[in-house]
Amino acid sequence: MNKFKITLIMASFWTLFSCNDKFKQTEFKPQSKQDIKNKTVTQIICDEKSTFNYNDFNDLKNNKYYDRFFAGKLSITSGQIVCVDPLFKELAYPQNWIIEKGEYPVYLYIGLEDDYIGRIAYAELNIKDEIPVYWEISLISEKFLSDDFEKKMNGWYPVETGLSSFSDFETFKKYQEEMTNFYKNDKNANFYNDVLAFQFAKNKNIPKSSRGEDWINYTPKNSKSNMIMFGSGYGDGLYTRYVGYDKNGNVVKFVTDFIKLDETEMR
């Protein structure tokens, strides 16, 4: 089913979440059937089958349809990754896998042709510079999800402000504190207009895109670590997160997908 149609139908059902400190790493247990020849994956999520094709984002570095832009290195202090709309903050919980602490490059992939020209099609956290052996939809722990609908939609997240972001969970909590204190001082203020807009404006046409002002490398107050924010393709929608593993089950890529090329993915 097309993710944008689902967004229009289901957006009103989402409930606002805040970060939860009680996150515990879950044991790595692949739950997917890999079809290497056709580059498709069938994965069971909350007792329902989901199938997707990863051909387009399997090797983004060498994909001629996108311009690869380096947005900066992301500082990882806990190993727990959050991917969320940084202003809407819906489902701002870490993925159910953990990586080693360190700094990892984030790349944005700008469309070069057809209807997606000049738009960010994918954002990628590059843990290792290698092509994954297999892919899965990246999930968060079900203990954070309040009902069956949210569990069935695990792996997707809503964007309501045209932005997405990558950050470490500890850094995101500092960002949450910054926003909370900001609105305590003035409930009628606007965090984007008053804090973020100036930084986005500094990156206007870097890289050149149809929208411009598409990304920032942001350090929240009282944090030594950063988060990287970026435009979400054509804007608001319900978007998927994917994780790529090596043969030993180590995470090598984390990708959020803002483009839909076919109807392979189903719920």
Between [X] and [Y], is there a donor-acceptor pair closer than 3.5 Å when you use the side chain of the first and the backbone of the second?
X    : Y    : result
N203 : I206 : no
S75  : E103 : no
Q43  : I137 : yes
D114 : Y116 : no
K253 : L125 : no
N63  : Y65  : yes
K152 : D47  : no
D236 : G162 : yes
N205 : P207 : no
S165 : V84  : yes

Is the distance between the ring centroids of [X] and [Y] under 6.0 Å?
X    : Y    : value
Y245 : W97  : no
F172 : F169 : no
Y134 : Y54  : no
F166 : F254 : yes

Shortest non-hydrogen contact from [X] toward [Y]:
X    : Y    : result
I140 : R241 : CG2-NH2, 4.0 Å
A189 : D194 : CB-OD2, 3.5 Å
T171 : S225 : OG1-CB, 3.2 Å
N55  : K39  : OD1-CD, 3.2 Å
E142 : N154 : CG-ND2, 4.3 Å

Could you give me the CA-CA distance, side-chain angles and deciding distance for T161 and D85, then say whether side chain to side chain donor-acceptor pair (under 3.5 Å) is met?
CA-CA 7 Å; T161 66; D85 181 327; 2.8 Å; yes
Could you see if [X] belongs to whatever hydrophobic cluster contains [Y]? Use Ile, Leu, Val, Met, Phe, Trp, Tyr and a side-chain cutoff under 4.5 Å.
X    : Y    : answer
F70  : F57  : yes
V255 : V252 : no
I131 : Y242 : no

Anything under 30° is parallel, anything over 60° is perpendicular, the rest tilted; go ahead and classify Y109 against Y66.
perpendicular
For the pair Y183 and F191, name the ring-plane relationship: parallel under 30°, tilted 30 to 60°, perpendicular over 60°.
tilted
By the definition ring-ring contact (aromatic ring centres under 6.0 Å, His included), identify the one residue from F200, F69, F230 that meets it with W215.
F69
Side-chain donor-acceptor contact under 3.5 Å, S32 with Q34
yes
Just by distance, no angles: are the side chains of Y157 and T256 close enough, under 3.5 Å, to form a donor-acceptor pair?
yes
Ion pair check, K101 and D168, cut-off under 4.0 Å:
no
